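A quick write-up on the structure given underneath.
Treat the numbers as computed from the prediction; the structure is a model and nothing was measured. Here is how names work: the chains are called A, B, and so on, in the same order as the sequence lines, proteins then strands, and each is numbered from 1.
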Protein chains: 2
Amino acid sequence: MTTRPPTLEEVAQRAGVSTGTVSRVINNARHVSDKSRRAVEKAIAELGYVPNTAARSLATQRRGAVVLAISSDDPALFANLFFAEVITGVNAVIEETDLQLMLVLAASERGRSRFGKILQSRSADGVMLLALKENDPLSTMAEDSGLPTVHGGRSLDRTPQWYVDADNRGGARTAVEHLIAAGRRNIATITGELDTHAGQGRYMGYREAVVLAGLSDQRVAHGDFSEASGAAGMKLLLDDHPDLDAVFAASDAMAIGALDVLRENGKRVPEDVAVVGFNDVVTARNTQPALTTVRQPIEAMGREMTRMLVRLLNGEQPTSLILPTELVLRAST
Amino acid sequence: MTTRPPTLEEVAQRAGVSTGTVSRVINNARHVSDKSRRAVEKAIAELGYVPNTAARSLATQRRGAVVLAISSDDPALFANLFFAEVITGVNAVIEETDLQLMLVLAASERGRSRFGKILQSRSADGVMLLALKENDPLSTMAEDSGLPTVHGGRSLDRTPQWYVDADNRGGARTAVEHLIAAGRRNIATITGELDTHAGQGRYMGYREAVVLAGLSDQRVAHGDFSEASGAAGMKLLLDDHPDLDAVFAASDAMAIGALDVLRENGKRVPEDVAVVGFNDVVTARNTQPALTTVRQPIEAMGREMTRMLVRLLNGEQPTSLILPTELVLRAST
DNA sequence: GTGAAAGCGCTAACAA
DNA sequence: TTGTTAGCGCTTTCAC
C-alpha cells in the first residue's frame with residue numbers, strides 16, 4: 001500500500017525539464033520561464049509531489065522546525081492551563097509559516113538530556129523556552145547551543161537577550177490602585193515566590209501602589225503561588241493585621257486559598273475584605289464570590305514569542321516585549 | 001561562534017577506523033571488535049559527536065518523529081485542559097524513546113492542510129490523533145496516508161483500527177449506580193451531544209443503570225456538554241419532573257450549569273437533589289458544593305496512545321484499549 | 001571484523 | 001533561462 005512518494009527527479013522527467021528548474025519553481029526563485037513553471041506545476045499536481053523534508057534539510061542545513069521547550073515542575077493545574085494557552089498562541093503563528101513545531105516537556109533529567117540532544121544535533125532551527133522556574137538549566141543549554149532562542153518570562157539573575165514577558169509589576173500596581181480607588185486603605189498582599197521575576201514584580205507593583213498613595217506596605221505574607229500557601233498567608237495576615245480591608249494575592253490559586261480562610265473567619269467578601277488575584281485561570285470565575293483578577297495575555301505571549309523567533313530566523317532584529325495585563329473586575333472587590 | 005558540529009567522518013578519522021565501523025558502533029550492530037568500539041566511543045566523547053538527524057533520516061527513510069494532531073474547535077477551557085493532560089502523558093512515553101514529538105493543532109483549514117503536508121512528505125513516522133469531533137477530516141487524511149495511526153477516542157460512524165478510549169459507558173453506569181445505592185429513585189440525566197461516541201456512551205450507561213434497577217429512564221434532557229446547555233437542561237428537567245432527586249450530567253461543565261439552576265430554584269444539593277458530573281476538570285473541586293464526578297484517565301490515554309504507536313512502529317501488534325474511569329466522591333451526592 | 005563506495009532526495013554553484 | 005553536478009552526513013550493502 002504505502003507506495004514511495006514521487007521524487008523531484010520524477011517531476012522533472014514528467015515536466016520535461018531539469019531537476020534544477022523544478023527546484024527553482026518549488027522555491028520560487030527567479031530565472032524560470034513561464035512555460036517551464038507551468039509545466040512543472042502541472043507535473044507536481046499530477047504526481048502529488050511533496051518535497052522530502054529530510055533531503056531538503058540535509059542540503060540546506062536548515063531544519064524547518066522550531067522547538068518549544070517547557071520546563072515545568074509546577075503544580076499541574078496552573079502549569080497545564082498556562083502551557084495549553086501558550087501552545088495555542090504559538091501554534092497560531094506557526095501555522096502561517098512552513099515551520100514545524102516540536103514540543104519538549106523537560107521536567108525530568110531525561111527530558112533535559114533529550115532537549116540537549118535536539119540542540120546539539122541541530123534538529124531545530126530555533127528554540128522557544130518557557131522556563132517557569134528560575135535558573136533553569138534549559139536556559140543555559142539553549143544559550144550554549146548558539147541557536148536563536150526566545151524566552152517566555154525572565155529570571156531574576158539575568159535578562160535573556162530575547163524575551164516576551166507579561167507586565168507583572170504594572171498589573172499588580174493596577175490591581176492595588178483599583179482597591180485604593182474603591183476606598184480600601186489597609187491593603188495586604190500575599191506574595192509569590194520572591195526569587196522569581198514574576199513574584200518579585202508583583203510584590204513591587206503592590207508596594208509602588210500603596211506607597212504612592214501614602215498607605216502602609218507592611219501588611220505582607222509570603223507565599224509560593226500555591227493555594228495552600230495562600231490560605232496560610234491569609235491566616236497570618238488576619239492574625240497580625242486584623243484591620244485589613246483588602247488583599248492582593250499574587251496568584252489566583254493563593255486568592256482562592258485566602259477566600260476559604262476569610263470565609264472560615266466570618267469575613268464577608270467583598271464587604272469586609274476585598275480580594276484580588278492574578279492570572280485568571282478557569283477557577284477564578286467559579287469561586288464564591290467570583291474573583292477579581294489580573295489577566296495575563298498568555299496566548300499573546302505564545303504568539304509574540306513565535307513571531308520573535310521567526311524574525312530571528314529571518315535574520316531580522318526583533319525587540320523584546322513586555323505585554324500589558326488587564327484587570328478583570330468581578331464580585332470579590 | 002556557531003561552529004559546525006563534528007561529522008561521523010571526523011569521528012572515524014580520530015578513532016582511526018572507517019565510517020562504516022563508527023556507524024556500526026553508533027547503531028550498536030554486531031561485528032565490531034571491542035577495540036574499535038572503545039576507540040570510537042572515545043572519539044565520540046571527545047568530539048561531542050551527535051548524529052545529524054536529517055542525514056540519518058534521508059538514509060534510513062525513517063523520520064524519528066511522530067505527530068500528535070489535535071483537532072479542536074471545542075470550548076477553549078475544557079479542550080485546553082484535556083489536551084494539556086494528554087500531552088503530558090504522551091510526553092512521558094516519548095521521553096523513553098528516541099522519537100521526537102511534533103505537535104499540530106489543526107483547528108483551522110490551514111492547520112489541516114499543514115497536517116496533510118506532514119503526512120505526505122513523510123515528515124513523521126506515525127500519528128496520534130485526538131479528534132474531539134466526529135467525522136473529523138483529519139481522521140480520513142491520516143488513514144489515506146497509510147501512516148500508522150492511533151486514535152484517542154472513537155467516532156460513532158466507524159471504529160478506528162487502533163484506538164484508546166475511556167470507558168464512558170461504564171463510568172456513567174457506575175455514577176448512576178452510586179446514586180441508586182444512596183437511595184435516589186427519580187434520577188435524571190443531562191446528556192452530551194448524542195452524535196458523539198462519548199455522549200452516546202454516557203447516556204447508555206445511565207439508562208443501563210436505571211433500567212436494571214427497575215427505575216424510570218424517562219427523565220432526560222439533551223445538552224451539548226457546555227455549561228449553558230447544562231443550565232438549560234436543568235430548567236427543563238425541573239419543569240417536567242419536579243420530583244427528581246438526582247441528576248447525572250454527562251460533563252462537569254453541564255453539572256456546573258445545573259448546580260446554578262438548582263440553587264436559583266431553592267433546591268439544596270445534595271439534600272434535595274444529588275448531582276454527579278463527568279470529567280473532573282479543575283472546576284469540579286471548586287464548585288459549591290464540590291462536585292462528585294467521573295474521572296477520566298486522560299493522561300493515561302496519552303501514555304497508552306503513545307505506547308501503542310511505538311509498538312506499531314516496531315512492527316508489533318498492539319491492542320486497542322478502553323481505559324477504566326473512576327468515581328470521585330465529593331459533597332454533591 | 002572492517003573498509004570502500006553507492007546511494008537517500010534535495011539544493012546551489014557553475015557552465016552553458 | 002536552463003542543465004549538470006557536486007555535495008549535505010549518514011546507512012548499508014558488498015568485498016575483502
> For DNA chain C, which residues in residues 30-41 of chain B have a heavy atom at a distance below 4.0 Å?
Replying inline: B/H31, B/V32, B/S33, B/S36
> Salt bridge or not for A/R38 and A/E41, using N-O below 4.0 Å?
Replying inline: no
> Are A/T21 and D/dG3 close enough that a side-chain N or O sits under 4.0 Å from OP1 or OP2?
Replying inline: yes
>> So, using side-chain contact (heavy atoms from CB on, under 4.5 Å) as the criterion, who are the partners of A/V50 when residues are at least two apart?
In response: B/Q120, B/S121
> Which letters describe nucleotides 9-16 of chain D, given B = protein heavy atom under 4.0 Å from base, S = only from sugar-phosphate, - = neither?
Replying inline: BBSBB---
> Going by distance alone, is a donor N or O of one side chain under 3.5 Å from an acceptor N or O of the other, for A/E95 and B/S108?
Replying inline: yes
>> For B/M301, is there any backbone N or O sitting under 3.5 Å from a side-chain donor or acceptor partner on B/E304?
In response: no
> Hey, is B/E299 close enough to B/R303 for a salt bridge, meaning N to O under 4.0 Å?
Replying inline: yes
>> If we ignore hydrogens and angles and just use 3.5 Å, is the side chain of B/T53 paired with the main-chain N or O of A/S123 as donor and acceptor?
In response: no
>> salt bridge (Lys or Arg N to Asp or Glu O under 4.0 Å) for B/R154 and B/D165? Distances and angles first, verdict last.
In response: CA-CA 7 Å; B/R154 286 166 284 176; B/D165 202 356; 2.9 Å; yes
> What pair of heavy atoms forms the shortest contact from A/I94 to A/L99, and how long is it?
Replying inline: CG2-O, 3.5 Å
